[in-house]
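All remarks here apply to the structure that follows.
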Number of protein chains: 2
Amino acid sequence: MLLEAVRTIHAEGAAALTLRGVGDRLGVSRTALYRHFTDKQALLDEVAAEGFRMLRRALVEAWGDGGRAGFDAMGVAYVHFAVTHPSHYRVMFGGAAEKRQPRPESDDDDSTEAFQVLVDAIVAEQAANRVRRDDPQALALYIWAMVHGVAMLTLDGLLPPPTTAEALAGLAIARLHDGIDR
Amino acid sequence: MLLEAVRTIHAEGAAALTLRGVGDRLGVSRTALYRHFTDKQALLDEVAAEGFRMLRRALVEAWGDGGRAGFDAMGVAYVHFAVTHPSHYRVMFGGAAEKRQPRPESDDDDSTEAFQVLVDAIVAEQAANRVRRDDPQALALYIWAMVHGVAMLTLDGLLPPPTTAEALAGLAIARLHDGIDR
DNA sequence: ACCTGAACACCGTTCAAGT
DNA sequence: ACCTGAACACCGTTCAAGT
């Protein structure tokens, strides 16, 4: 079921995920899957949710005891997750939301929980007087956009050859702290 | 041909782009299209290239006479382009590169030219002593990732309700200059 | 930057039917 | 959180054939 779908995506990419294929590998007819998911999109939604849970765990682990080291480690961990699970990451973003239901009143979905880890880290850093006291939610959104952008450009193969995802992530985190102005 | 494809994508989204549909609207059989494009992917590649040309023009116009005002206007223009051409923007990124040929030795393709506008702006700002003298290429990649991230989160509908793309873009550009540290 | 019609190998989804 | 087989309405792509 869900596990088999995740496995397929990881091995062959999201484009290769077909209900027939999943059914075959499960030794069941494709139509039987409709007992478990109303839709192919519903299956993809669950795959995405699983991805956000994995990402959340990775961020919590990177944060560790916190501080600037933990904070920066979260940024690296985020990009690292995307680079090591490219197809899964694409399912999590990549327009699945375009057609996804307008959220069935669940403000506590898995993507929100992953995001919350970042918000909490910012609040902690603000309390330690290391981060400016802007609205933590807004700041978190900004940082999320930053690492998300780095991840996407990397997955799309848009980094000019010498550049690595790690190098760009490092530079991004440094500039994140003190800006680009002279 | 290309124009018709762009029109369809703008009106109904990239998922609705079918060779049969394009052929029909052009009053021609679908197989006839294979005279003009080797592949559906090749058509999408051309759509993407056209998008990068449009984006480049928007950035050049926003930059105008340059300076910090022009620089910030480029950031806003970038996000504005993505928000007003969501489907087109998705074709430009969104994994088309995943299967795209590994660049037929064209370092001067349309996406590179759009990127170059940003690099040039950074060089100008560095010359005016307003931006730190890091490698302009690397700095441009960082900023690109930033605005790309803002654009993608917006298109994916991940901005929490009160937040608008413009507001996030504004905050992002401000933080871009002087960082998040206290 | 030639166009067509038929055919092929795929899809997701529905539906009547069986346990 | 039941499963099946047949059928439907779609795809992209290929190919022999015609101008």
Side-chain angles (χ1 to χ4, degrees), chain A residues 1-53 87-88 90-92 94-101 104-106 109-110, chain B residues 1-51 53 87-88 90-92 94-101 104 106 109-110:
Chain A
M1 47 275 298
L2 178 59
L3 199 144
E4 183 57 44
V6 170
R7 192 158 21 209
T8 301
I9 282 174
H10 192 261
E12 308 175 45
L17 184 77
T18 127
L19 294 186
R20 287 160 147 86
V22 172
D24 281 0
R25 261 181 301 268
L26 256 39
V28 104
S29 90
R30 50 265 201 195
T31 53
L33 299 175
Y34 283 83
R35 286 296 128 189
H36 306 278
F37 307 97
T38 73
D39 227 299
K40 190 189 184 184
Q41 186 55 49
L43 208 191
L44 287 175
D45 287 353
E46 296 223 26
V47 168
E50 172 65 16
F52 279 113
R53 270 175 252 127
S87 299
H88 205 151
R90 277 188 200 282
V91 174
M92 293 158 62
E98 218 176 14
K99 34 212 153 183
R100 200 155 11 191
Q101 337 292 0
E105 70 214 22
S106 76
D109 63 309
D110 295 284
Chain B
M1 47 270 300
L2 178 59
L3 198 144
E4 184 57 44
V6 170
R7 193 162 16 212
T8 302
I9 283 174
H10 192 261
E12 307 175 45
L17 183 76
T18 128
L19 294 187
R20 287 158 147 86
V22 172
D24 282 1
R25 260 182 300 267
L26 255 38
V28 105
S29 88
R30 50 265 202 193
T31 53
L33 299 174
Y34 283 84
R35 287 295 127 190
H36 307 277
F37 307 97
T38 73
D39 228 299
K40 190 189 185 183
Q41 186 57 49
L43 208 191
L44 288 175
D45 288 352
E46 296 222 28
V47 169
E50 173 65 14
R53 269 174 253 128
S87 299
H88 206 153
R90 276 188 201 281
V91 174
M92 294 159 60
E98 218 175 14
K99 34 214 153 181
R100 199 156 12 192
Q101 337 292 358
S106 76
D109 63 308
D110 295 285

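Convention: sequence-line order gives letters A, B, ...; per-chain numbering from 1. Worth saying up front: this structure is predicted, and the values here are computed from it rather than measured.
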Of B/Ala32 and B/Met1, whose closest DNA chain C nucleotide lies nearer the 5' terminus? B/Met1
Which residue lies more 5' along DNA chain C, comparing B/Arg30 with B/Gly27 via nearest heavy atoms: B/Gly27
Base-pair map of DNA chain C as dot-bracket, where | denotes pairing with a different strand and pairs are Watson-Crick or G-U under 3.5 Å: .|.|||||...|||||.|.
Take atom P in C/dA1 and the same atom in D/dT19, then report the distance between them in whole Å. 23 Å
With sequence neighbours left out, what residues match [X] under side chain to side chain donor-acceptor pair (under 3.5 Å)?
X       : value
B/Glu46 : none
A/Glu4  : A/Arg7, A/Arg25
B/Ser29 : B/Thr31

Note: chain B reaches DNA chain C at heavy-atom distances under 4.0 Å over the stretch, first to last nt, 5' to 3', of C/dA1 to C/dA6
Residues that B/Arg35 engages under side-chain contact (heavy atoms from CB on, under 4.5 Å), provided they are two or more places apart: none
For A/Asp39, what residues pass the side-chain contact (heavy atoms from CB on, under 4.5 Å) criterion, not counting sequence neighbours? A/Gln41, A/Ala42
Measure the spacing between [atom1] of [X] and [atom2] of [Y] and express it to the nearest 0.5 Å.
X       : Y        : atom1 : atom2 : value
A/Glu50 : A/Ile9   : CD    : CD1   : 11.0 Å
B/Leu19 : B/Leu26  : CG    : CG    : 11.5 Å
A/Phe52 : A/Asp109 : CZ    : CG    : 8.0 Å

Within the 4.0 Å heavy-atom criterion, would you say A/Leu33 contacts the bases, only the backbone, or no part of the nucleic acid? nothing
